[in-house]
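I have placed the structure first, in the form of structure tokens, so that the comments after it can refer back to it.
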Number of protein chains: 2
Amino acid sequence: MSRRPMVRPGGRSTRVQQAVHTAVRELQAEVGRPELTVPMVAARAGVTPSTIYRRWGDLQELLSDVAVEHLRPEAPPEDHGRLLDDLRNWAEQFLEEMASPTGRAYMRDALLGDPEGDNAGLCSAYAAEQVGTMLARAAGRGEEVPDVETVIDRVVAPVMYRILFRPDGLTGAYARRLAEEALTR
Amino acid sequence: MSRRPMVRPGGRSTRVQQAVHTAVRELQAEVGRPELTVPMVAARAGVTPSTIYRRWGDLQELLSDVAVEHLRPEAPPEDHGRLLDDLRNWAEQFLEEMASPTGRAYMRDALLGDPEGDNAGLCSAYAAEQVGTMLARAAGRGEEVPDVETVIDRVVAPVMYRILFRPDGLTGAYARRLAEEALTR
DNA sequence: GGGCATGACGCAAGAAATTTGCTTTAAGGT
DNA sequence: ACCTTAAAGCAAATTTCTTGCGTCATGCCC
């Protein structure tokens, strides 16, 4: 008894997962996403196709996994000593990363192969965490700070919406303006 | 010379297109999206699979087409005699349509099979048009009105962002609040 | 109104992909 | 060290996708 499902984070499973993710990244760069196939990834990763099908279901879910990995922020947002500067800079960087062709591709992939919406939720959580860090720092300095949800609505959402639906004419200045308006108005 | 590509809007092409679209809608309702395949749609539409592959490329682009058709608004927004009421009601309806399981599925499909981003742009244009109608009406009444772009950023974008990335806990009240804040603050 | 050029569809064969049952491997607990 | 079992390998069966070619119907011109 007491048989909880076995979790095996270290070992072969992990090696396979990494090999497959690496293969996806390499092949995406080499042949481009439209030419990418599961058997191709499997061959590069030194794995049988059925392994990929069983673990990920299909190419989209695999791409979604890889995309989310890339979308995870690597460091907390820079500290400029004042919330307005923090947020302005972060928003500009965020837009530039996400609006680039590769950024947009990752976002689309992340949303795409994600029936449960788990990966999408994760992306949103990353952004919320970054915003939360900036707000907490500012509050610690005694600044008056808005809600995380407010900043999501006023800064993150417009940037994401425009990237997904109207990618033309996006500039860093737009992101900075959103940040300013979120704090002043 | 002077041979522009022949467009044949009436006739067989159109019949095939409608038959295929209808088949997609019916089968989506009957067997669900995950089970849907191109050969299945072709059979229902009384068409060979190769026709679908040639015209649409793959299932995702077809689904994207069908989705955009459903996302097109059927009527201009209701007129309540005051911008605040117009916008509040419209935002609430918009959220409720888009946040439903079928609405979300359509949105995802529209974004999904759309390498060029044309369909996504179309969706955004629909929303902008609806907003523009309300603002023009209000301006005609002498009300002071914000920019279309502002309303997009403050109302449409947050709703869409949350539907795509954090579908939990969305209510009509949230949409109404966004509308109010877009006009007052 | 009757041909003509052309784009779209049907058909069928071939290639590629996905699925699936069974076997083998190796991680982790006893 | 041994067992148990999740996960990977392998290969056959199935399904989907691609492609070349013949046919059909539409829109234009006479």
Side-chain angles (χ1 to χ4, degrees), chain A residues 1-24 26-28 30-66 69 109 112-115, chain B residues 1-24 26-28 30-66 69 109 112-115:
Chain A
M1 306 294 154
S2 83
R3 290 287 158 73
R4 288 169 306 152
M6 255 189 231
V7 181
R8 307 184 178 188
R12 186 166 60 161
S13 300
T14 309
R15 276 199 307 280
V16 167
Q17 206 224 29
Q18 289 185 345
V20 169
H21 276 213
T22 303
V24 167
E26 290 178 1
L27 288 169
Q28 256 181 337
E30 287 174 31
V31 309
R33 154 102 188 282
E35 312 300 324
L36 210 63
T37 67
V38 170
M40 192 184 290
V41 172
R44 173 67 63 104
V47 156
T48 37
S50 61
T51 296
I52 295 184
Y53 289 119
R54 278 203 241 261
R55 256 183 90 151
W56 283 278
D58 63 7
L59 183 60
Q60 291 190 346
E61 289 188 46
L62 172 55
L63 289 176
S64 183
D65 260 26
V66 174
E69 219 174 54
D109 287 344
L112 222 93
D114 189 21
Chain B
M1 309 294 152
S2 83
R3 289 286 157 75
R4 288 170 306 151
M6 253 190 232
V7 181
R8 307 184 178 185
R12 187 165 60 161
S13 301
T14 310
R15 276 198 306 281
V16 167
Q17 205 224 29
Q18 290 185 344
V20 170
H21 276 213
T22 304
V24 168
E26 291 178 0
L27 288 170
Q28 257 180 337
E30 287 174 31
V31 310
R33 156 102 188 284
E35 311 301 324
L36 211 62
T37 67
V38 170
M40 193 185 290
V41 172
R44 172 68 63 103
V47 157
T48 39
S50 62
T51 296
I52 296 184
Y53 289 120
R54 278 201 243 260
R55 258 182 89 152
W56 282 277
D58 63 7
L59 183 60
Q60 290 191 347
E61 290 188 45
L62 172 55
L63 289 176
S64 184
D65 261 24
V66 173
E69 220 174 53
D109 288 342
L112 221 94
D114 187 22

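First the proteins, then the strands, lettered A, B, ... as listed; each starts at 1.
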Do the charged groups of A:R44 and A:E30 touch, with an N to O distance under 4.0 Å?
yes
So, OP1 or OP2 of [N]: does either fall under 4.0 Å of a side-chain N or O from [X]?
X: B:R15; N: D:dT26; value: yes
X: A:T37; N: C:dA17; value: yes
X: A:R55; N: D:dA7; value: no
X: B:T48; N: C:dG10; value: yes

Nearest to the side chain of [X], heavy atoms from C-beta on, is which of [options]?
X: A:T51; options: D:dA7, D:dG9, C:dG10; value: D:dG9
X: B:Y53; options: C:dA17, C:dG10, D:dC17; value: D:dC17
X: B:P39; options: D:dT16, C:dA17, C:dA8; value: D:dT16

With a 3.5 Å distance limit and no angle check, can you tell me whether A:T22 reaches the backbone of A:Q18 through a side-chain donor-acceptor pair?
yes
I'd like to know if the side chain of B:R55 and the backbone of B:S13 have a donor-acceptor N/O pair within less than 3.5 Å.
yes
Using whole Å, what does the distance between atom [atom2] of nucleotide [N] and atom [atom1] of [X] come to?
X: A:I52; N: D:dG9; atom1: CD1; atom2: C1'; answer: 13 Å
X: A:L59; N: C:dT18; atom1: CG; atom2: P; answer: 8 Å
X: A:W56; N: C:dT18; atom1: CH2; atom2: P; answer: 15 Å
X: B:D58; N: C:dA16; atom1: CG; atom2: P; answer: 19 Å
X: A:M40; N: D:dC17; atom1: CE; atom2: P; answer: 16 Å

Checking A:T37 against A:L59 for the side chain to side chain contact (heavy atoms under 4.5 Å, CB included) test, could you report, in this order, the C-alpha distance in whole Å, the side-chain angles of both residues, the deciding distance, and whether it holds?
CA-CA 7 Å; A:T37 67; A:L59 183 60; 5.7 Å; no
Has the side chain of B:R54 got a donor or acceptor atom sitting under 3.5 Å from an opposite partner on the base of D:dG20?
yes
Polar pair under 3.5 Å, donor/acceptor by atom type, side chain A:S50, base D:dC10:
yes
Please name all residues satisfying side-chain hydrogen bond (donor to acceptor under 3.5 Å, both in side chains) with B:E69, sequence neighbours left out, ordered by chain then number.
B:H21, B:R25
